There are 2 protein chains.
Amino acid sequence: MEDLDARTAPPKGTVTQRVIDQIKAMIAEGLLGPGQRLPTERDLAAQLGVSRSSMREAVRALTFMGALESRHGSGVYVTQLAAGDLLESFGVVADLSRGPQLVELLEVRKVLESTTTALAAARIDAGQLAEVEQHLLAMESTDDTEEILAHDLAFHRAINYAAGNDTMAAVLDGLSSRTFRARVWRGYQEEGAIDRTRREHRRIHRALVARDPESARIAAAAHVGEVEQWLRERLAESQ
Amino acid sequence: MEDLDARTAPPKGTVTQRVIDQIKAMIAEGLLGPGQRLPTERDLAAQLGVSRSSMREAVRALTFMGALESRHGSGVYVTQLAAGDLLESFGVVADLSRGPQLVELLEVRKVLESTTTALAAARIDAGQLAEVEQHLLAMESTDDTEEILAHDLAFHRAINYAAGNDTMAAVLDGLSSRTFRARVWRGYQEEGAIDRTRREHRRIHRALVARDPESARIAAAAHVGEVEQWLRERLAESQ
DNA sequence: CCCGGTCATTGGTCTGATCACTCGCGCGGT
DNA sequence: ACCGCGCGAGTGATCAGACCAATGACCGGG
C-alpha cells in the first residue's frame with residue numbers, strides 16, 4: 001500500500017513534520033471536523049506509511065498545540081478548535097519571555113485590553129457586570145497577595161470575555177498566565193502598588209457602569225501602562 | 001538513581017507532559033539559556049527516568065512550540081527565545097480557524113496593526129520607508145495575484161517591524177500566515193477589491209511619509225476593517 | 001598548511017512488546 | 001424482561017532496543 005493521494009507525494013523535511021502538516025491539512029480542509037475521532041494511532045500510522053513512533057510525536061505536537069486531544073483508552077479527537085483550545089499554548093510564550101520581551105508583551109496587552117475594556121463598556125450585561133463587581137470587592141476585602149492576584153486575573157478576564165471577542169480574550173488569557181503575572185507582580189506589589197491598583201480597578205469599573213467606552217479604554221490603558229512603565233524602569237536599573 | 005530535586009517529586013499527569021513541564025521550567029528558571037545545548041536525548045531521558053520515546057515526544061512538542069531546536073547529528077538547543085521563535089506556531093491558529101473566528105482574528109489584527117502602523121509613522125527610518133515603498137510599487141506594477149499577495153504581506157510586515165515592537169510584529173506575522181491570507185484573499189480579490197486595496201495602501205504610505213500617526217492608525221484600521229466587513233457579510237450570506 | 005576521508009556522536013525512524021485506561025457486551029440475578 | 005456488574009477487546013501510554021542519517025572533529029596524505 002502506498003500513496004492514496006497527492007498529500008503523501010512530496011517527501012520533504014522530516015517524516016514527523018510531514019505527518020504533522022498532513023493532519024493539520026486534513027483539519028484545515030474539513031476532512032476532520034471538530035469533535036471527530038481520528039483512526040487509531042496504529043491505523044493512521046499505517047495509512048500514512050510511517051511508524052507509530054513518528055505518528056505519536058506528530059499527535060503529541062498537535063495535542064500540545066490544542067488542535068487534537070487524546071483520551072487514554074478511547075481515541076484521539078479533534079478539539080472544538082475554539083479560540084481557547086488553540087491559544088492555550090500561547091501562555092508558554094509569556095512564561096518563557098524575559099527582559100525587554102516582557103515589556104513588549106505588556107504593550108500588546110495594553111493595546112488589546114484597552115480595546116476589550118472599551119467594548120465591554122458598551123456591551124456588558126448585568127450578570128457579567130455583577131461578576132466583575134464581585135471580584136472587585138473581593139480584591140478590596142483582603143490583603144492576601146495570592147487571593148488578590150487571583151481576583152485581579154478574574155476581574156480582567158470577566159471584562160475581556162464580556163467584550164464579545166473570544167479570540168481576543170483568549171490571547172489576553174495567555175498574556176496573563178499565572179506564572180507571568182506572578183513574576184511581574186511579585187516585585188510590583190512590594191512597592192506599595194496595591195492601593196494604586198485598586199484605585200485603577202475602581203476607575204475601570206466606574207467606566208463600565210457608566211457605559212463609557214472611551215473612559216474605559218483610557219482607564220485600562222493607564223492601568224496596564226503603569227505596570228509596563230514600572231517594568232521598563234526596573235529593566236533600566238538592572239542594566 | 002532517583003529524584004535529584006523537587007522537580008521530579010510530583011508524579012502528576014502523563015510522563016511526557018511532566019517532562020515537557022520540567023524542561024520548560026528549566027528554561028524559565030534560567031538553568032538553560034538561549035542557544036545552549038541540552039544533554040543528548042539518551043542522557044536526558046536517563047536523568048529524568050523516562051524512556052527515550054517519551055523524551056522525544058516532549059522535545060518534539062517544545063520544538064514545535066519554538067522553544068527548542070534540534071539539529072540532526074549535532075544536538076538539541078534552546079532557541080534564542082525571541083518573539084519570532086515562540087510565535088511562529090501562532091500561525092497554526094489562523095490556519096485552523098474558520099467562520100466567525102476568522103472575523104475575530106481580523107479584529108485582533110485590526111487593533112494591533114492600527115497600533116503598529118501608527119507607531120511606524122513616528123519611528124520609521126529612511127531605509128525602512130524605502131522598503132515599504134518598494135513593495136507598494138511592486139504591488140501596483142503587476143496583475144499577478146500571487147505576486148500581489150506576496151508584496152502585500154511584505155508591505156505590512158515591513159511596517160509592523162518598523163514600529164519597534166518585535167513581539168507585536170511576530171503576532172501579526174502569525175495572523176497573516178500565507179494560507180490564512182490566501183484563503184480570505186482569494187474571495188476578496190475576485191470582487192474587484194484590488195484597486196481599493198491599492199488605494200488604501202497608498203493612503204497608509206502617505207501617512208507614513210507625512211509622519212502622521214493618527215492618519216496612519218485610521219488608514220490601517222480602515223484597511224483591515226474593509227476585509228473584516230467583507231468577510232462578515234460573506235459569512236452572513238452563507239448561513 | 002590545507003584538503004579529504006574516516007568515524008564516533010547524536011538526532012531520526014522503525015519495530016514490537018507491555019502496561020493502563022475505556023467502554024460495550026454479555027452473563028447472571030431479580 | 002430488566003438491571004447491574006464484571007470481564008475482555010480495543011486503544012492510547014510507555015518502554016526497550018535496533019538501525020539509519022547527518023554532523024563535526026580528528027587524522028593522515030598531499
Side-chain angles (χ1 to χ4, degrees), chain A residues 1-3 7-24 26-27 32 35-79 85, chain B residues 1-3 7-24 26-27 32 35-79 85:
Chain A
M1 183 197 312
E2 64 267 23
D3 298 358
R7 265 202 313 286
T8 52
K12 59 184 176 185
T14 70
V15 173
T16 302
Q17 189 57 48
R18 209 187 322 156
V19 174
I20 291 178
D21 292 339
Q22 285 175 359
I23 298 180
K24 213 175 66 179
M26 287 192 254
I27 297 177
L32 293 175
Q36 185 174 344
R37 188 192 141 168
L38 276 67
T40 71
E41 291 182 345
R42 292 166 175 85
D43 289 349
L44 204 49
Q47 271 185 41
L48 300 183
V50 301
S51 74
R52 205 186 152 202
S53 314
S54 304
M55 175 57 63
R56 275 192 59 75
E57 287 184 18
V59 170
R60 172 71 68 176
L62 288 170
T63 298
F64 192 60
M65 171 108 315
L68 297 181
E69 171 192 8
S70 73
R71 304 177 200 158
H72 192 167
S74 173
V76 179
Y77 301 79
V78 180
T79 67
D85 297 326
Chain B
M1 184 197 311
E2 66 267 21
D3 298 358
R7 265 202 313 285
T8 51
K12 60 183 176 185
T14 70
V15 173
T16 302
Q17 189 57 48
R18 207 186 324 157
V19 174
I20 291 178
D21 292 340
Q22 285 175 359
I23 298 180
K24 213 176 64 179
M26 287 192 256
I27 297 176
L32 293 174
Q36 186 174 343
R37 188 190 143 173
L38 276 67
T40 72
E41 291 182 346
R42 292 167 176 86
D43 289 349
L44 204 49
Q47 268 185 43
L48 301 183
V50 302
S51 73
R52 200 189 154 198
S53 311
S54 304
M55 174 58 63
R56 275 194 58 75
E57 288 183 18
V59 170
R60 174 71 68 177
L62 288 170
T63 298
F64 193 57
M65 169 107 312
L68 297 181
E69 171 191 7
S70 72
R71 304 175 199 160
H72 191 169
S74 175
V76 179
Y77 300 79
V78 180
T79 67
D85 297 326

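Numbered from 1 within each chain, the chains take letters A, B, ... in sequence-line order. The model shown is predicted, which means the values in this text are computed figures rather than measured ones.
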Next on the checklist: Using only modelled atom types and a 3.5 angstrom limit, is any donor from either the side chain of A/Arg42 or the base of D/dG10 paired with an acceptor on the other?
Outcome noted: no

Item to check | B/Ser53 vs D/dA16: side-chain N/O to OP1/OP2 distance below 4.0 Å | outcome: no

Checklist entry - Hey, does the side chain of B/Arg37 come within less than 4.0 Å of C/dT10's phosphate (OP1/OP2), counting only N and O? => result yes

Next on the checklist: Any non-hydrogen side-chain atom of B/Gln22 less than 4.5 Å from a side-chain atom of B/Leu44?
Outcome noted: no

Next on the checklist: Any side-chain N or O of B/Thr16 below 4.0 angstrom from OP1/OP2 of D/dT14?
Outcome noted: yes

Checklist entry - Heavy atoms under 4.0 Å, any strand shown: does A/Arg56 hit a base, just sugar-phosphate, or nothing? => result base

Checklist entry - How many angstroms lie between atom CD of A/Glu69 and atom CG of A/Leu62, to the nearest 0.5 angstrom? => result 13.5 Å

Checklist entry - Taking CD from B/Glu41 and C1' from D/dA21, how many angstroms apart are they, rounded to a whole number? => result 14 Å

Next on the checklist: Just N and O in the side chain of A/Ser70: are any of them under 4.0 Å from OP1 or OP2 of D/dA13?
Outcome noted: yes

Item to check | Base D/dA21 paired with B/His72 side chain (donor-acceptor, <3.5 Å) | outcome: yes

Next on the checklist: For a 4.5 angstrom cut-off between non-hydrogen side-chain atoms, does B/Lys24 reach B/Ile27?
Outcome noted: no

Checklist outcome for this item: Rounding to 0.5 Å, atoms CZ (A/Arg56) and CZ (B/Arg56) come to a distance of 13.0 Å

Next on the checklist: Under 4.0 Å, heavy atoms only, any strand: does B/Val76 hit a base, just the sugar-phosphate, or nothing?
Outcome noted: sugar-phosphate

Checklist entry - Just how far, in rounded Å, is P of D/dG12 from CD of A/Glu69? => result 13 Å

Next on the checklist: With a cut-off of less than 4.0 Å, is there a side-chain N or O of A/Ser74 near OP1 or OP2 of C/dT22?
Outcome noted: no

Next on the checklist: For C/dT13 and B/Arg60 - does any side-chain N or O of the residue sit under 4.0 Å from the phosphate oxygens OP1/OP2?
Outcome noted: yes

Checklist entry - With respect to the side chain of B/Thr40, which nucleotide from C/dT10, C/dT13, D/dT14 is positioned closest? => result C/dT10

Next on the checklist: Looking at A/Ser54, I'd like to know whether one of its side-chain N or O atoms comes within less than 4.0 Å of OP1 or OP2 on C/dG12.
Outcome noted: no

Checklist outcome for this item: Looking only at heavy atoms, the pair that brings B/Ser70 and B/Val76 closest together is CB-CG2, 3.8 Å

